[in-house]
Amino acid sequence: MLLIRCPYCETERPELEFRYGGEALLERPKDPALVSDDAWTAYLWTCKNPKGPHAERWRHVHGCGRFFNAARNTVSDLIVSTWRVDDSPPANFDGGGA
Amino acid sequence: MVEISRGRAAVQMQAASGRFVFRGGRDAALACGRGFGLALPAPPLWSSDIGDRAALWLGPDEWLLIANEAGTLRVLRDALAGMAHALVDVSSRDCLFDICGPDAALLLNAAIPLDLSEQGFPIGACTRTVFAKAGATLWRREREIFQLSVARSHGDYAQRLLDEALRSMPEP
């Protein structure tokens, strides 16, 4: 079982308490009506899906209930770090494949 | 109160008590604590209690308040008047179990994947977690007394799992 550190509970918890919440660090277009259909479609549906480091949202659903961000390596499943949504990613994190 | 025990652990089904979920920012939390007569604990996964009332940290802006006095909700509402907050009476929502005895942690670990040793989960610690497949709230009130609560619709499920775990407890 994976142990994931929740940055709000400040403790490591078993993965059973968590849910995956999709890709992180996406910027929603400020006015969706002004972007092209292609750009909006890409925002909604096109994932980076990298092989390696990936910024992800996770939710501590059976805990404090909060969403947070995690840097996970999609090859090894190693979660390198987690941080609160209003914090910056770790300095050495490359943000995942483009 | 119904109690079932085996070996060095016992399960007591408790009557419903007054329970409220409060959510709010720092100022509202201070006001809520003043109205409640008990400061809401700031450290994560921690509780404070005085007499038979208690406040349990559930999230960075969320606490479970336990108090049986009639009128608690009105007192809290008055203390929070004019402030942004959420206050919900969840007294009828939960099934409460007290898990007691020297092997209480061993019994709970049949369905809870946390370190419940005195180092990992000391007296006063509280958390939401999973009890097998059910969401649960766990609070270590005393060294050998844990309070477990699950949603009422999961009460029968939790009770049967606790019975099953009790049957496999070692005899002293």
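Everything quoted here is computed from the prediction, not taken from an experiment. Naming convention: chains lettered A, B, ... in sequence-line order (proteins, then strands); numbering from 1 in each chain.
- A distance of 4.0 Å separates SG in A:Cys9 from CH2 in B:Trp57, rounded to the nearest 0.5 Å.
- Here the shortest heavy-atom pairing between B:Pro60 and A:Tyr8 reads CG-CD2, 3.6 Å.
- Counted within 6.0 Å of CD1 on B:Ile50, heavy atoms from surrounding residues, nucleotides or ligands total 12 or fewer; the atom is thus considered open.
- What you find for B:Pro113 and A:Leu16 is that their closest heavy atoms are CG-CD1, 3.9 Å.
- Electrostatic pairing of A:Arg66 and B:Asp61 counts as a salt bridge here, judged by a charged N lying under 4.0 Å from a carboxylate O.
- In B:Arg143, the CZ atom is not crowded: 12 or fewer heavy atoms of neighbouring residues, nucleotides or ligands sit closer than 6.0 Å.
- By the rule that hydrophobic residues join a cluster once side-chain heavy atoms approach within less than 4.5 Å of another member, B:Leu96 and B:Ile145 end up as members of separate clusters.
- Interface remark: of the candidates A:Arg13, A:His60, A:Glu10, A:Arg13 forms the most heavy-atom pairs closer than 4.5 Å to chain B.
- Cluster membership for B:Phe131 and B:Leu138, using ILVMFWY side-chain heavy atoms within less than 4.5 angstrom, is shared.
- You'll find the side chain of A:Cys64 stays beyond 4.5 Å of the side chain of B:Leu58, heavy atoms only.
- Applying the 6.0 Å contact sphere to CG of B:Asp78 captures more than 12 heavy atoms from other residues, nucleotides or ligands.
- Options B:Thr129, B:Asp115, B:Val130 differ in how many heavy-atom pairs under 4.5 Å they form with chain A, and the most are formed by B:Thr129.
- Within 6.0 Å of the CD atom in A:Glu27, the count of heavy atoms belonging to other residues, nucleotides or ligands does not exceed 12.
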task: Carefully, step by step, assess B:Thr137 and A:His62 under the rule side chain to side chain contact (heavy atoms under 4.5 Å, CB included).
output: CA-CA 9 Å; B:Thr137 306; A:His62 290 300; over 6 Å; no
